[in-house]
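To keep things clear, I will list the structure first and then write my remarks on it.
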Amino acid sequence: MGLILGLESSCDETAASVVRDGYEVLSNSVASQIAKHAPHGGVVPELAAREHLVAFDPVTEAALREAGVTMNDIDAVAVTQGPGLIPALLVGLSFAKGLAAGYKKPLIGANHFLGHIYGAFLDEGHGVLESKATYPLLALVVSGGHTSLMLIEENGDARQLGCTIDDAAGEALDKGAKLLGLGYPGGPIMQKTAEGGDSRRFDFPRPLTGSAGKALSPENRYNFSFSGIKTALLYHVKNHADADGVLPAELLKDTVASYQEAVVDVLVRKTLMAAKDFNVKTIVVAGGVACNSVLRERFEALTPKKIQLRLAARKYCTDNAAMIGGLGWHYFRKGIFAPQNADSFARLPVITKVPFLG
Ligand code: KG4
Ligand code: ZN
């Protein structure tokens, strides 16, 4: 039994959540900073840190209240230790340390990347994670910071098959939207703008897929590359711009739909290729970009019926603390705690084992 308070501040969401026994989400409180960063066209780390500082107390109060519990009922405080923006992470970690020390609760440092994968199992995933029939499991984590394929075995052994060699998929959408002057964050805006557009009108590149006459090298079989799509968009805008250097309105919808299509196409094709190569039984799609309707529909349409598809619920795709509280419970049940001098980390470490199995 364990009631975990999860805290998350790796980027621009301040989040707190109370999760019972790893799966039952009692509250999921998120304060978004989008309005603060929008004028800058992206997340400003120092600004994010200052906003977290203000938001953590009320967001945590809200999560406890909504769950109907107090700090005395909490068994451990789990916090995102990394990867993410260091100034933002440090605020969450310091807040968690203060709470843990003040209330004499154990502190747990959770990995944000693994939290995204775990998010696909919140609420009703218990039996699924424990079933032999689920493995090997292939997770596609697509967010503003990650585009990665991770293979997970029943015993918890894990390895990253590939990742982006330049920009993340969410970054490609965010930067594409910025280039088109559509605002921030780009992913949801691009999805909305693309609605009703002709996604086949313009042919944006599909890097590292072995298309366009370029052979796919073995070392890049499971890697991604999204910076070329962005450059292609830049030239597309230049080629089609009107006298004022602006893309005519009637081209915008089709441009965005075609651009989004290229990103989705690469993600789905490469995931399904890896799934086939490793004979996987389950595909998990998680992270902020997994909110995208076109991506979700495409996976639903193309995933072979013998493979179980788990698209994380939208509320657990973008950054949230339920995934940290849920994942944190597994550290708790194994007795893996963080020392009071634990530090934040910016980059994803090499992962060979997932904490939520075994
Ligand atoms: O997981 P997340 O909240 O933060 C990171 O860990 O990066 O992901 C944020 C990313 C942003 O790039 C955002 O544009 C993208 O997720 N995103 C979407 C959608 N909603 C959020 N991308 C495409 N379609 C969406 N509906
Ligand atoms: Zn994230």
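Atoms within a ligand are numbered from 1 in the order they appear, just like the ligands themselves. Given the structure is predicted, the values throughout are model-derived calculations rather than measurements.
- With Thr231 contributing its side chain and Ser227 its backbone, the two residues share a donor-acceptor pair below 3.5 Å.
- Checking side-chain atoms of Lys36 against main-chain N and O of Ala48 turns up no donor-acceptor pair under 3.5 Å.
- For the residue pair Tyr331/Asn111, the side-chain donor-acceptor check at 3.5 Å is not satisfied.
- In this pair, Phe121 and Tyr118 present their aromatic rings tilted. The plane angle is within the 30 to 60° band.
- At a threshold of 4.0 Å, the pair Arg298-Glu261 counts as salt-bridged, since one of the basic side-chain nitrogens sits closer than that to a carboxylate oxygen.
- Listed by chain and residue number, the protein contacts of ligand 1 are His112, His116, Ser143, Gly144, Gly145, Gly170, Leu173, Asp174, Gly187, Pro188, Gln191, Gly288, Val289, Cys291, Asn292, Cys317, Thr318, Asp319 (heavy atom within 4.0 angstrom).
- The N, O or S atom of His116 lying closest to the Zn ion (ligand 2) is NE2.
- Nearest N, O or S atom of Asp319 to the Zn ion (ligand 2): atom OD1.
- Atoms SG and NE2, on Cys11 and His112 in that order, are 7.5 Å from each other to the nearest 0.5 Å.
- Side-chain contact of Glu8 with Ser10: a donor-acceptor pair under 3.5 Å is present, judged by distance alone.
- Residue side and main chain included, His146 places no N/O/S atom under 2.8 Å of the Zn ion (ligand 2).
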